[in-house]
Trainee: 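For reference, the structure I am asking about is given below.
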Amino acid sequence: MLDIKRIRKNPQELIDAMAKRRGKGVDVSAFLEIEERRRKLMAEVEEKKATRNSVSADIAIKAKAKEDTEALKAAMRSLGEEIKALETELNALQAEVDAFLYRIPNIPHESVPEGSSDEDNVELRRGGTPRAFAFTPKPHWELGEALDILDFARAGKITGSRFCVLKGAGAKLNRAIISYFLDVHAGRDYHEIAPPYMVNRASMTGTGQLPKFAEDSFAVSGTDYFLIPTAEVPITNLHRDEILQAAELPIRYCGYSANFRSEAGSAGRDTRGLIRMHQFDKVELVQYTKPEDSYAALEQLTRDAEQVLQGLCLPYRVVTLSTGDLGFSAAKTYDLEVWMPSYGRYVEISSCSNFEDFQARRAQIRFRRTPGAKPELVHTLNGSGVAVGRTLAAIIENYQNADGSITVPEVLKPYMNMERIQ
RNA sequence: GGAGCGAUGGCUGAGUUGGUCUAAGGCGCACGAUUGGAAAUCGUGUUCAGGCUAAUACCCUGACGAGAGUUCGAAUCUCUCUCGCUCCGCCA
């Protein structure tokens, strides 16, 4: 959510930002008109309330002095009805203003390249080199099924499409990846969190999944809970409605969770393999920082995420998302993309974003610069560190051998107690 | 699922025969005094949001878990909901 005062003061900034995002235009002038009416009406209501408050105080004094207060009470009765009617109108306007504010995306940072889509993302750097295979590499779903470590058919039977059953060494490899990621990050000053996999509506609103993207999440029937689409939601909401102390910042968390996404609108895309699942594992990194530190933190967070790919010796690259590809809540995002032989290209495996105060304003996460100072909004950041399912796929493909076996990456051997999966 | 109790500021904790209550006291914190310096002590101050505004000044409005109601007036009375605790039941 953006600062309404900032929009009032500089509507052009918002108009320009929306143009850069190439999204459907938000009608800024219509918004400003409603907001103007809201403020006028609010002033009117407050004035009437001030009258009622002072007269009510008079009534108390007169009643004590045994004077007649019936006339005043009658006058206040009708004033009360007036106030009630105006407040109903005011609430409606407030709801309109809120609905608008909750659906405006964040303003991209000035360093974000302008563009219309992911084709305009800018490559920043690469790590490792795609392996030159002496044989024709197979996709991970073929290798996985042949080794009987991935079972899509039975997942389809017991649940449905876009689910997968991991078996034997596949399940173990998945577990090894999670443990390795957590050990790396928790060993570098990220406090480990094991969050709930369901959250309430306020949490989903706090990080920006609601109200605009309700169809992307799974709601739990009979409750007001949602399955988390990412651990970002519970971990960023950990400090919702809190005022932190400056000395506590930056706060750095890492956490593993399963993630659930409806993948509405992606029918037909990535239908084979582990790339696009309704349920997938991920280790997430989250930071809360002072505003002036957030862009340095974004660089660091991205490096921290990259480290596990380097550890696994997986070829990857880092791209800066263009304004057209930037997510709703983010001001700036770096994607980490891993080399996927079956796709013949780099595939997103992590998304590292600075949300500035966009989520903090929604979730009311603040801090005091010095004891007694006025609370200010923190900046929030997060990044995958990294997606586990896609890592599993990348390992299977990049570490495959001519005979269809998979060599276990060096750093995972201590977790696996095996050299290869065959 | 059943019964009972509770939710107040950064924290703790009064206030529930409705009326100068944003709300005592304490802790914490800030500033000052004291001190060679510190501790201790003393004094003063210290909620947040919105509106107005050049203003983080003044003034006005709102907020005592959330929402609705009664009333001239609600932390206080009524209803609904959420969360927490205790006991019972069930259960990995």
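Here is how names work: the chains are called A, B, and so on, in the same order as the sequence lines, proteins then strands, and each is numbered from 1.
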Trainee: Output the rounded distance in Å from CZ (A:Arg77) to P (B:U71).
Mentor: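 Rounded to the whole Å, the gap is 8 Å.
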Trainee: Charged N to carboxylate O below 4.0 Å: is that the case for A:Asp304 and A:Arg188?
Mentor: yes
Trainee: Give the rounded distance in Å between these two atoms: CG of A:Asp3 and C1' of B:G50.
Mentor: 12 Å
Trainee: With P as the reference atom in both, quote the distance from B:G6 to B:G15 in angstrom, rounded to an integer.
Mentor: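 Pairwise P distance, B:G6 against B:G15, rounds to 12 Å.
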Trainee: Between A:Asn53 and B:U61, is there a contact of a side-chain N or O with OP1 or OP2 at under 4.0 Å?
Mentor: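 Checking B:U61 against A:Asn53, a side-chain N or O does come within under 4.0 Å of OP1 or OP2.
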Trainee: Would you please confirm or rule out a distance under 4.0 Å between OP1 or OP2 of B:C48 and any side-chain N or O of A:Arg368?
Mentor: yes
Trainee: Which one, B:G51, B:C48, B:G19, comes nearest to the side chain of A:Pro375?
Mentor: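 Closest nucleotide among those given: B:C48.
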Trainee: What distance, rounded to whole Å, do you find between the two C1' atoms, one in B:C85 and one in B:A74?
Mentor: 27 Å
Trainee: If you measure from the Lys or Arg side-chain nitrogens to the Asp or Glu carboxylate oxygens, is any gap between A:Arg22 and A:Glu114 under 4.0 Å?
Mentor: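 Yes, A:Arg22 and A:Glu114 are salt-bridged.
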Trainee: Going by an N to O cut-off under 4.0 Å, is there a salt bridge joining A:Arg303 and A:Glu299?
Mentor: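 Answer for the salt bridge query: no.
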Trainee: Using Watson-Crick or G-U wobble geometry with both distances below 3.5 Å, tell me the partner of B:C31, or none.
Mentor: B:G43
Trainee: Can you tell me the Watson-Crick or wobble partner of B:A66, both distances under 3.5 angstrom?
Mentor: B:U80
Trainee: For A:Glu242 and B:G10, what is the distance between atoms CD and P respectively, to the nearest whole Å?
Mentor: 11 Å
Trainee: Please examine the side chains of A:Asp281 and A:Ile177, heavy atoms only from C-beta on, and report whether any two atoms are closer than 4.5 Å.
Mentor: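 SC-SC contact between A:Ile177 and A:Asp281 ruled out.
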Trainee: Does a salt bridge link A:Glu263 with A:Arg162, judged by any charged N lying under 4.0 Å from a carboxylate O?
Mentor: no
Trainee: Over 60° means perpendicular and under 30° means parallel, so tell me whether A:His278 and A:Phe163 are parallel, tilted or perpendicular.
Mentor: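 The rings of A:His278 and A:Phe163 sit tilted, inter-plane angle from 30° to 60°.
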Trainee: Would you kindly compare A:Met76 and A:Glu47 by the position of their nearest RNA chain B nucleotide and give the one closer to the 5′ end?
Mentor: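 Checking each residue's closest nucleotide, the 5'-ward one belongs to A:Glu47.
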Trainee: Let me spell it out: for each of A:Val45 and A:Ile243, pick the nucleotide of RNA chain B with the closest heavy atom. Which residue's pick is nearer the 5' end?
Mentor: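 Nearer the 5' end of the strand: A:Ile243.
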Trainee: Which nucleotide, in any strand shown, forms a Watson-Crick or G-U wobble pair with B:A55, with both distances under 3.5 Å?
Mentor: none
Trainee: Distance check, P atoms only: B:G28 and B:A40, in whole angstrom units.
Mentor: 8 Å
Trainee: How would you label the contact of A:Ala57 with the nucleic acid (heavy atoms, under 4.0 Å): base, sugar-phosphate, or nothing?
Mentor: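 Nothing: the residue A:Ala57, judged by heavy atoms under 4.0 Å, touches no strand.
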Trainee: Would you kindly check whether a donor in the side chain of A:Gln245 faces an acceptor in the base of B:G10, or vice versa, at under 3.5 angstrom?
Mentor: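 By the distance-only test, no, there is no pair.
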Trainee: B:C85 pairs with which nucleotide, Watson-Crick or G-U wobble, both distances below 3.5 Å?
Mentor: B:G4
Trainee: B:U70, OP1 or OP2 - any side-chain N/O from A:Lys84 closer than 4.0 Å?
Mentor: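 It does, given that an N or O in the side chain of A:Lys84 lies less than 4.0 Å from OP1 or OP2 of B:U70.
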Trainee: Does a side-chain N or O from A:Arg39 land closer than 4.0 Å to OP1 or OP2 of B:C52, or not?
Mentor: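 For B:C52, OP1 or OP2 has a side-chain N or O of A:Arg39 closer than 4.0 Å.
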Trainee: Could you tell me how far apart A:Ile59 (CD1) and B:G18 (P) are, to the nearest whole angstrom?
Mentor: 17 Å
Trainee: C1' atom, B:A23 versus B:A75: distance in rounded Å?
Mentor: 8 Å
Trainee: What integer number of Å spans the P atoms of B:A68 and B:U12?
Mentor: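 It comes out at 27 Å once rounded to the nearest Å.
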Trainee: Distance check, P atoms only: B:C79 and B:G4, in whole angstrom units.
Mentor: 13 Å
Trainee: In Watson-Crick or G-U wobble terms, both distances under 3.5 Å, what is the partner of B:A49?
Mentor: B:U61
Trainee: B:A66 P sits how many Å from A:Asp241 CG, rounded?
Mentor: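 Computing the A:Asp241:CG to B:A66:P distance gives 11 Å.
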Trainee: Looking at B:G25, which nucleotide sits across from it as a Watson-Crick or G-U wobble partner, both distances under 3.5 angstrom, or is there none?
Mentor: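 Paired with B:U12.
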Trainee: Only pairs with both distances under 3.5 Å count, Watson-Crick or wobble alike; so what is the partner of B:A92 in this structure?
Mentor: none
Trainee: Considering Watson-Crick and G-U wobble pairs with both distances under 3.5 Å, what does B:A75 pair with?
Mentor: none
Trainee: Under 4.0 angstrom, heavy atoms only, what part of the nucleic acid is A:Arg8 near: base, sugar-phosphate, or nothing?
Mentor: sugar-phosphate
Trainee: Calculate the interatomic distance between A:Leu41 atom CG and B:G50 atom P; express it in whole Å.
Mentor: 18 Å
Trainee: Hey, what's the ring geometry for A:Tyr288 with A:Tyr253, parallel, tilted or perpendicular (30° and 60° as the breaks)?
Mentor: perpendicular
Trainee: Taking atom P in both B:U61 and B:G73, compute the distance separating them and give it to the nearest angstrom.
Mentor: 15 Å
Trainee: Less than 4.0 angstrom between a side-chain N/O of A:Arg52 and OP1 or OP2 of B:G73, yes or no?
Mentor: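 Affirmative; the distance criterion is met.
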Trainee: Mind checking if A:Arg369 touches a base, just sugar-phosphate, or nothing, with heavy atoms under 4.0 Å?
Mentor: nothing
Trainee: Return the value, rounded to whole Å, for the distance between atom NZ of A:Lys5 and atom P of B:U56.
Mentor: 7 Å
Trainee: When you compare the side chains of A:Glu356 and A:His379, does any donor N or O come within less than 3.5 Å of an acceptor on the partner?
Mentor: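 There is no such pair (donor and acceptor under 3.5 Å, judged by atom type) between the side chains of A:Glu356 and A:His379.
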Trainee: Over how many whole Å does the gap from A:Ile83 atom CD1 to B:G62 atom C1' extend?
Mentor: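 Going from CD1 in A:Ile83 over to C1' in B:G62 covers 13 Å.
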Trainee: Using a cut-off of less than 4.0 Å, is there contact between a side-chain N or O of A:Lys374 and OP1 or OP2 of B:A49?
Mentor: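 Yes, because at least one side-chain N or O of A:Lys374 sits under 4.0 Å from OP1 or OP2 of B:A49.
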Trainee: Please report the distance separating the C1' of B:G13 from the corresponding atom of B:G69, rounded so that it comes out in whole Å.
Mentor: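 Taking atom C1' in both B:G13 and B:G69, they lie 30 Å apart.
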Trainee: If you check every side-chain atom of A:Ser56, which of B:C72, B:U61, B:G50 has the closest atom?
Mentor: B:C72
